[in-house]
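In what follows, a single structure is set out as structure tokens and then discussed.
Protein chains get the first letters and strands the later ones, always in sequence-line order, with residue 1 at the start of each. What's counted below: heavy atoms across the whole structure, side chains too, no hydrogens, waters or symmetry copies.
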Protein chains: 2
Amino acid sequence: MCNRHSGDKKGSGCRCGGGLPVEKFMQPCLLILLKQRSSHGYDLLQQLTEFGFSERLDPGSVYRTLRRLEDEGLVTSHWDVGEGGPARRLYSLSDEGEEMLHAWAVHIRQQRKRMDAFLERYQSIFGKQD
Amino acid sequence: MCNRHSGDKKGSGCRCGGGLPVEKFMQPCLLILLKQRSSHGYDLLQQLTEFGFSERLDPGSVYRTLRRLEDEGLVTSHWDVGEGGPARRLYSLSDEGEEMLHAWAVHIRQQRKRMDAFLERYQSIFGKQD
DNA sequence: CCCTCTATATGTATATTGCCTATAAGGATT
DNA sequence: AATCCTTATAGGCAATATACATATAGAGGG
């Protein structure tokens with residue numbers, strides 16, 4: 001098993017071969033979360049569990065992905081030195097990011113079709129209950 | 001666009017960010033094809049279009065993936081020097097490969113759920129027709 | 001003072017990716 | 001026989017992606 005599966009322990013090793021890479025799928029999830037409301041990395045890290053990411057998801061991956069999204073102009077950020085606690089970087093979705101979100105939706109629907117093609121063939125061989 | 005999307009031209013460049021890497025998803029597709037009947041790389045290359053792979057899918061990727069599956073003991077192969085044409089390497093699914101196929105089915109169903117979670121949220125924001 | 005929680009960021013070894021090119025057999029065309 | 005296409009397999013490589021570990025730092029509790 002691997003930490004790509006929700007609920008897995010960190011560092012348990014992975015032999016399953018993955019499928020959907022963590023950081024890649026994280027991108028559209030972050031974009032859609034930021035479409036709903038602007039937020040900072042640590043908060044987004046926790047919201048990501050709603051999309052099936054592990055509760056032990058590596059924070060470094062989230063911050064790195066956010067920086068990359070900013071490099072690509074899909075999100076913007078500014079420092080938020082507010083009421084107590086360390087300073088946080090507040091991210092917002094850009095217009096370009098919203099466009100990319102639509103592109104991702106198309107892409108993900110395609111991927112899902114491919115998975116359905118696989119699962120249908122699988123069930124036609126092994127049966128539904130398997 | 002990129003050659004991950006079926007119908008794309010080879011070498012047209014990719015800025016979409018992918019999602020499901022070609023060679024990763026190719027693995028369960030090859031296993032299920034080999035479950036149905038033993039076959040060789042070039043034939044499998046063409047059968048893969050049934051799972052949404054591009055008709056211009058790079059043959060090198062297919063052969064490399066097959067070799068990797070063999071290294072992992074999921075498939076076996078032997079040379080088939082038969083009636084006309086170049087020699088072909090005939091691949092068959094191993095017992096271990098069939099087990100891995102079941103593991104993949106579980107995994108892909110999980111991935112599908114995650115995509116559904118994304119698409120549902122997407123539709124709740126932008127509407128179904130979008 | 002130490003520990004935990006919040007919060008952000010970097011380093012690194014290894015694996016994976018897409019693309020290009022090489023090799024070779026056989027058949028058809030010129 | 002020379003050229004070309006199709007079938008068939010394989011290796012190289014630069015760039016990127018990955019998982020995991022580690023660094024930094026503020027604030028609050030015990």
Side-chain angles (χ1 to χ4, degrees), chain A residues 1-5 8-27 30 39-47 53-72 77-91, chain B residues 1-5 8-27 30 39-47 53-72 77-91:
Chain A
M1 301 298 279
C2 70
N3 75 353
R4 289 166 175 170
H5 304 150
D8 282 358
K9 280 188 210 160
K10 198 172 177 176
S12 52
C14 174
R15 292 285 98 218
C16 72
L20 226 161
V22 169
E23 289 195 26
K24 267 286 147 62
F25 186 59
M26 197 190 291
Q27 289 180 34
L30 289 172
S39 192
H40 60 280
Y42 194 83
D43 181 43
L44 291 163
L45 169 69
Q46 290 165 322
Q47 289 189 69
F53 289 90
S54 166
E55 285 155 40
R56 289 170 173 102
L57 175 64
D58 175 39
S61 296
V62 179
Y63 292 116
R64 186 189 346 182
T65 304
L66 284 166
R67 302 295 231 125
R68 176 148 53 203
L69 291 174
E70 190 170 22
D71 286 344
E72 292 170 5
S77 81
H78 65 267
W79 283 102
D80 175 25
V81 198
E83 2 74 63
R88 48 177 65 165
R89 194 185 279 275
L90 194 73
Y91 285 95
Chain B
M1 302 297 279
C2 69
N3 75 353
R4 288 164 175 170
H5 305 146
D8 281 359
K9 281 188 210 162
K10 198 171 178 178
S12 53
C14 175
R15 291 286 98 220
C16 73
L20 225 162
V22 170
E23 289 193 28
K24 267 286 147 60
F25 186 61
M26 198 191 293
Q27 288 180 35
L30 289 172
S39 191
H40 59 280
Y42 193 83
D43 182 44
L44 291 163
L45 169 68
Q46 291 165 323
Q47 289 189 69
F53 288 91
S54 167
E55 287 156 39
R56 288 165 173 106
L57 174 64
D58 177 41
S61 297
V62 179
Y63 293 115
R64 184 182 6 184
T65 304
L66 285 167
R67 301 294 231 133
R68 175 144 56 203
L69 292 174
E70 190 169 22
D71 287 344
E72 291 169 6
S77 79
H78 65 267
W79 282 105
D80 176 25
V81 198
E83 3 73 64
R88 47 178 65 167
R89 195 184 279 275
L90 194 73
Y91 285 95

field: B/D80 CG - D/dT7 P separation (whole Å)
entry: 17 Å
Polar-atom pairs under 3.5 Å, protein N or O versus N or O of nucleotides 10-15 of chain D: list them with distances, or write none.
{"from": "D/dA10", "atom 1": "OP1", "to": "B/R67", "atom 2": "NH2", "distance (Å)": "3.0"}
{"from": "D/dA10", "atom 1": "OP1", "to": "B/R89", "atom 2": "NE", "distance (Å)": "2.9"}
{"from": "D/dA10", "atom 1": "OP1", "to": "B/R89", "atom 2": "NH2", "distance (Å)": "2.7"}
{"from": "D/dA10", "atom 1": "OP2", "to": "B/R67", "atom 2": "NE", "distance (Å)": "3.3"}

message: Rounded to whole Å, how long is the line connecting atom CZ of A/F25 with atom P of D/dA17?
response: 17 Å
- prompt: Rounded to whole angstroms, how far apart are CG on B/L45 and P on D/dT6?
  reply: 14 Å
message: Exactly one of A/L69, A/D80, A/L30, A/L66 should register a side-chain contact (heavy atoms from CB on, under 4.5 Å) with A/Y91. Which one does?
response: A/L66
- request: Please determine if a side-chain N or O atom of B/R68 lies less than 4.0 Å away from the OP1 or OP2 oxygen of C/dT16.
  value: yes
- line: Residue set satisfying side chain to side chain donor-acceptor pair (under 3.5 Å) with B/S39, at least two apart, ordered chain then number -> B/D43
task: Whole angstrom is fine here: how far is it from CD in B/E72 over to P in C/dA15?
output: 12 Å
- request: Under the salt bridge (charged side-chain N to carboxylate O under 4.0 Å, His left out) rule, collect the residues that match up with A/R67, sequence neighbours excluded.
  value: none
task: Take atom CG of A/L30 and atom P of C/dT8, then tell me their distance rounded to the nearest Å.
output: 12 Å
- prompt: Atom CD of B/E55 and atom C1' of D/dT6: how far apart are they, to the nearest Å?
  reply: 16 Å
Interatomic spacing from CE in B/M26 to CZ in B/R68 - rounded to 0.5 Å: 9.5 Å
Shortest side-chain distance from A/K24, nucleotide among D/dT7, D/dT18, C/dT17: D/dT18
- request: Enter the distance from B/L45:CG to B/R56:CZ here, rounded to the nearest 0.5 Å.
  value: 13.0 Å
query: Expressed in angstrom and rounded to an integer, what is the separation of A/H40 atom NE2 from C/dA9 atom P?
result: 12 Å
Separation between NE2 of B/H40 and CH2 of B/W79, rounded to the nearest 0.5 Å: 11.0 Å
message: If I take atom CG in residue A/L57 and atom P in nucleotide C/dT8, what distance separates them, rounded to the nearest angstrom?
response: 14 Å
